[in-house]
2 protein chains.
Amino acid sequence: MPIRNTDQIMHKAAWLYYSHGLRQDEVAQKLEISRASVATYLRRARETGIVNITTSTELFTDDVLARELEDATGVTAAWIVPEDRQAMDPTAEMPVLAASAFLELINKGDRVGVAWGRTVYHIADVMPFADLRGVTVVQLCGNLGAPYSYRPDQCTTEIARRLNAEGINFYAPLVLSSERLAEELRGEPVIREQLSTIADCHLALYSVGGIEDDSHLVKCGALSASEMHRMGEEGAVGVIAGQLIDGDGQWINCAHNRRCISADLDSIRAISKRMLVVQEDSKFEPLMAALKGGFASHLVVTTSMARRVMDRWRRDGLGKVHAATA
Amino acid sequence: MPIRNTDQIMHKAAWLYYSHGLRQDEVAQKLEISRASVATYLRRARETGIVNITTSTELFTDDVLARELEDATGVTAAWIVPEDRQAMDPTAEMPVLAASAFLELINKGDRVGVAWGRTVYHIADVMPFADLRGVTVVQLCGNLGAPYSYRPDQCTTEIARRLNAEGINFYAPLVLSSERLAEELRGEPVIREQLSTIADCHLALYSVGGIEDDSHLVKCGALSASEMHRMGEEGAVGVIAGQLIDGDGQWINCAHNRRCISADLDSIRAISKRMLVVQEDSKFEPLMAALKGGFASHLVVTTSMARRVMDRWRRDGLGKVHAATA
DNA sequence: GCAACGATTTGACTTATGTCACGAGCGATG
DNA sequence: CATCGCTCGTGACATAAGTCAAATCGTTGC
């Protein structure tokens with residue numbers, strides 16, 4: 001990418017304004033352009049990630065409930081979205097919080113994995129712009145066109161774009177019609193190579209899906225409602241990166257899972273920072289399964305969900321979730 | 001540190017304003033306080049590091065000269081402060097740049113070492129506020145009261161304060177009157193322990209001192225002008241962390257150095273990211289010595305200084321500086 | 001060579017933000 | 001319990017920043 005002259009001037013303006021604290025008119029004078037242009041450049045500088053404005057998410061981790069949740073379940077950090085009257089709408093708040101928290105967890109040079117779903121897409125949509133060259137964003141699961149266009153590759157791409165990071169997509173369908181084909185495709189060098197690098201990620205971002213008739217997998221047509229129903233009877237409780245898990249968070253050896261091209265669940269568990277974001281109250285059971293399965297080292301949930309998890313965890317006398325094997 | 005209620009509200013205001021993009025009056029309405037208060041809280045949030053605004057320093061590394069300097073000398077990265085008419089005063093610019101660049105190099109959980117001098121103090125003085133809990137800032141050299149109150153411990157403390165990091169000072173004088181006493185003091189557990197952790201730093205910040213009559217060591221009274229003069233005749237060329245180095249950047253076995261309580265030069269060389277900042281044009285020879293001695297992996301200099309280094313480096317057919325042993 | 005287009009820049013205006021003197025609240029002190 | 005001294009919050013004003021239609025610039029295609 002050639003360095004355009006306008007980039008230079010935008011960068012200079014941003015530098016003088018943000019790093020030296022000059023006023024816009026002073027910057028304009030120094031650069032011999034109009035103040036209006038300075039304002040425009042500054043906006044672009046923010047949108048480009050040349051200027052980063054981040055707010056500590058401490059507010060949401062600094063909470064007795066968060067501490068309790070961490071202590072009880074063994075997650076490394078929990079962010080709790082409050083639901084009191086003074087707060088914002090939790091549904092709007094959570095993606096913003098998750099995006100900020102996610103950003104805080106990224107280090108220079110990291111490889112980060114991004115999965116798929118409504119939640120992840122919303123996070124991508126409010127992800128702050130940042131200057132994270134050297135970071136690589138990899139797609140955790142195969143593609144699937146979704147009704148509201150939340151395709152896995154779009155999530156990855158959008159996040160990579162905002163972070164000025166490199167995005168690595170892989171172009172395989174999430175589910176294939178036959179196990180044989182899925183197996184063959186997984187064996188393809190391009191695909192196999194990509195899947196094998198997933199365990200090298202330093203950080204992953206995903207939600208957990210439900211298995212109701214209105215679950216994402218069903219709405220996207222990966223599974224019919226009746227198939228999903230049957231899977232539920234056979235022990236499926238939630239969905240991680242497109243794959244069904246049982247109540248203990250274990251991979252289910254079923255037709256759907258065998259037909260799936262997605263990150264191996266053990267690879268995901270091997271990632272040291274696994275950020276799980278759960279918005280809907282209805283995802284309580286899937287969340288419990290994901291927690292038990294060790295899919296969360298970093299958790300973003302609402303106050304009420306946190307309380308429910310605590311209650312259940314205590315009632316069942318569960319221990320701490322196992323840490324990443326990495 | 002107890003969590004004050006005002007911190008909470010400041011944090012909320014910052015969150016709504018910066019992360020959600022609400023206007024100040026909207027924030028005021030939501031928090032049921034006046035807009036004026038919101039403005040105040042936001043300023044404090046910026047000053048506290050709850051809100052971080054950073055500008056990429058790419059502008060200064062994105063330069064043919066910087067590339068050449070890196071290629072020739074082997075430093076990992078170079079920041080070049082331009083001296084053209086459109087630019088700011090280089091003397092004012094450099095500390096701001098160095099501070100930003102330094103901040104960019106810090107990772108979560110790092111231990112960073114900070115040395116001493118006018119330059120370092122100026123950098124401390126313009127260091128942006130950040131939320132780097134978990135980072136430790138350690139003092140690299142013993143204390144010495146300076147005419148303009150640039151004491152080593154002040155540099156460390158100020159930087160730690162701004163970063164919200166932990167500052168670790170060590171209270172020993174930089175120079176003692178006898179070698180015996182210096183030796184004994186270095187052997188004291190408190191001191192020895194601190195000095196031994198220096199090699200564990202991930203990042204260090206320092207300048208290189210000159211040996212003129214108006215050099216810092218002389219002005220602070222660590223050495224008389226005549227002593228310094230004599231040291232110059234015996235091969236001293238510059239000063240790193242209070243210690244004299246020769247033209248090749250090697251420690252000189254002289255009375256002053258033996259009387260010094262400071263970071264062992266090999267410990268400094270063992271730090272993987274060594275940021276050297278040189279403001280004054282007069283420090284060319286000291287800079288060359290520091291470079292040859294392997295004291296810079298990251299370099300901040302003016303355009304003219306960069307050119308001089310390039311010229312000399314080529315003329316003398318020098319190779320790349322050796323990397324950190326760590 | 002010139003018309004047509006998109007991108008950039010600007011002046012003039014609107015809106016948002018920063019500031020400061022003042023007053024309310026509150027804990028410490030005699 | 002009155003008074004002091006402090007911090008915190010506010011209204012009103014001054015100042016800075018955002019916006020947008022119109023002008024300008026530079027490129028491309030004919």
Side-chain angles (χ1 to χ4, degrees), chain A residues 1-56 58-59 62 84-88 96 126 128-129 161-162, chain B residues 1-56 58-59 62 85-88 92 96 126 128-129 161-162:
Chain A
M1 186 163 45
I3 292 149
R4 286 181 301 142
N5 192 37
T6 131
D7 278 3
Q8 277 270 356
I9 212 166
M10 170 176 74
H11 209 319
K12 272 192 186 175
W15 181 256
L16 294 171
Y17 186 77
Y18 287 106
S19 294
H20 282 274
L22 300 192
R23 287 195 317 270
Q24 293 189 357
D25 54 352
E26 295 176 301
V27 175
Q29 202 180 343
K30 196 166 274 283
L31 301 182
E32 296 172 336
I33 52 179
S34 77
R35 202 192 53 70
S37 297
V38 174
T40 310
Y41 284 138
L42 293 181
R43 185 167 37 71
R44 284 214 300 227
R46 286 186 302 258
E47 287 169 358
T48 323
I50 283 180
V51 170
N52 276 31
I53 304 185
T54 59
T55 313
S56 149
E58 191 204 347
L59 183 57
D62 217 8
D84 51 45
R85 70 248 97 60
Q86 205 187 27
M88 305 215 70
V96 177
V126 294
F129 295 91
R161 186 180 74 82
R162 300 224 180 191
Chain B
M1 182 161 52
I3 294 151
R4 287 181 299 142
N5 192 36
T6 131
D7 278 3
Q8 278 270 357
I9 212 165
M10 170 177 75
H11 209 318
K12 274 191 185 174
W15 181 256
L16 294 171
Y17 187 76
Y18 287 106
S19 295
H20 281 274
L22 300 192
R23 287 194 317 269
Q24 293 189 359
D25 53 355
E26 295 177 301
V27 175
Q29 201 181 345
K30 197 166 273 284
L31 300 182
E32 296 173 336
I33 52 178
S34 76
R35 203 195 48 75
S37 298
V38 173
T40 311
Y41 284 137
L42 292 180
R43 184 168 35 71
R44 284 214 301 228
R46 286 185 302 258
E47 287 169 0
T48 321
I50 282 180
V51 170
N52 276 32
I53 303 185
T54 59
T55 314
S56 148
E58 190 203 347
L59 184 57
D62 217 7
R85 71 247 97 61
Q86 205 189 32
M88 304 216 70
V96 177
V126 294
F129 295 90
R161 185 180 75 81
R162 301 225 180 191

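Labels below follow one simple rule: chain letters A, B, ... track the order of the sequence lines, proteins then strands, and each chain is numbered from 1. Note that the coordinates shown come from a computational prediction; the quantities given were computed from them, not determined experimentally.
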key: Which atom of B:A13 lies closest to which atom of B:V27, heavy atoms considered   = CA-CG1, 3.8 Å
query = Taking atom P of D:dT7 as reference, at what distance in whole Å does atom CE of B:M10 sit?
reply = 16 Å
request  = For B:L42, answer base if it contacts any base atom (sugar-phosphate contacts may also be present), sugar-phosphate if it contacts only those atoms, and nothing otherwise; contact means non-hydrogen atoms under 4.0 Å.
outcome  = nothing
task = Specify the separation, in whole Å, of atom CG of B:L22 and atom P of C:dT15.
result = 19 Å
task = List the atom of B:I53, the atom of A:V51, and the distance in Å for their closest heavy-atom pair.
result = CG2-CG1, 4.1 Å
Distance-only donor-acceptor test (3.5 Å): side chain A:R35, base D:dG18 = yes
request  = Compare the minimum distances between each of D:dT19, D:dA16, C:dT19 and the side chain of A:R23, then state the nucleotide with the smallest one.
outcome  = D:dA16
inquiry  = OP1 or OP2 of D:dG9 versus the side-chain N and O atoms of B:Y41: is any pair under 4.0 Å?
reply    = yes
inquiry  = Testing the basics here: between A:Y17 and A:L22, what is the closest heavy-atom pair and its distance to 0.1 Å?
reply    = CD1-O, 3.2 Å
Whole-Å gap separating C1' (C:dA16) and CZ (B:R43) = 17 Å
request  = Round to a whole Å and report the spacing from CD1 of A:I9 to P of D:dC25.
outcome  = 16 Å
request  = Measure from the side chain of A:R44, starting at C-beta and using heavy atoms only, and say which of D:dC8, C:dT8, D:dG18 lies closest.
outcome  = C:dT8
task = Please state how far atom CD in B:E47 lies from atom C1' in C:dT19, giving the value in whole angstrom units.
result = 14 Å
B:Q24 versus B:L42, closest heavy-atom pair with distance = NE2-CD1, 3.6 Å
Distance, rounded to the nearest Å, where B:D25 contributes CG and C:dT15 contributes P = 12 Å
message = Please confirm whether the shortest side-chain N or O distance from B:Q24 to OP1 or OP2 of C:dT15 is below 4.0 Å.
response = no
key: Nearest-neighbour nucleotide for the B:A36 side chain, C:dT9, D:dG9, C:dT19 considered   = C:dT19
request  = Would you mind reading off the distance between A:Q29 atom CD and D:dA17 atom P, rounded to a whole angstrom?
outcome  = 14 Å
query = Does OP1 or OP2 of D:dG9 have a side-chain N or O of B:S34 closer than 4.0 Å?
reply = no
ask   = Which whole-number value in Å describes the distance from A:Q8 CD to C:dT8 P?
value = 15 Å
note = Nearest heavy-atom approach of B:F129 to B:E47 is CD2-O, 2.8 Å
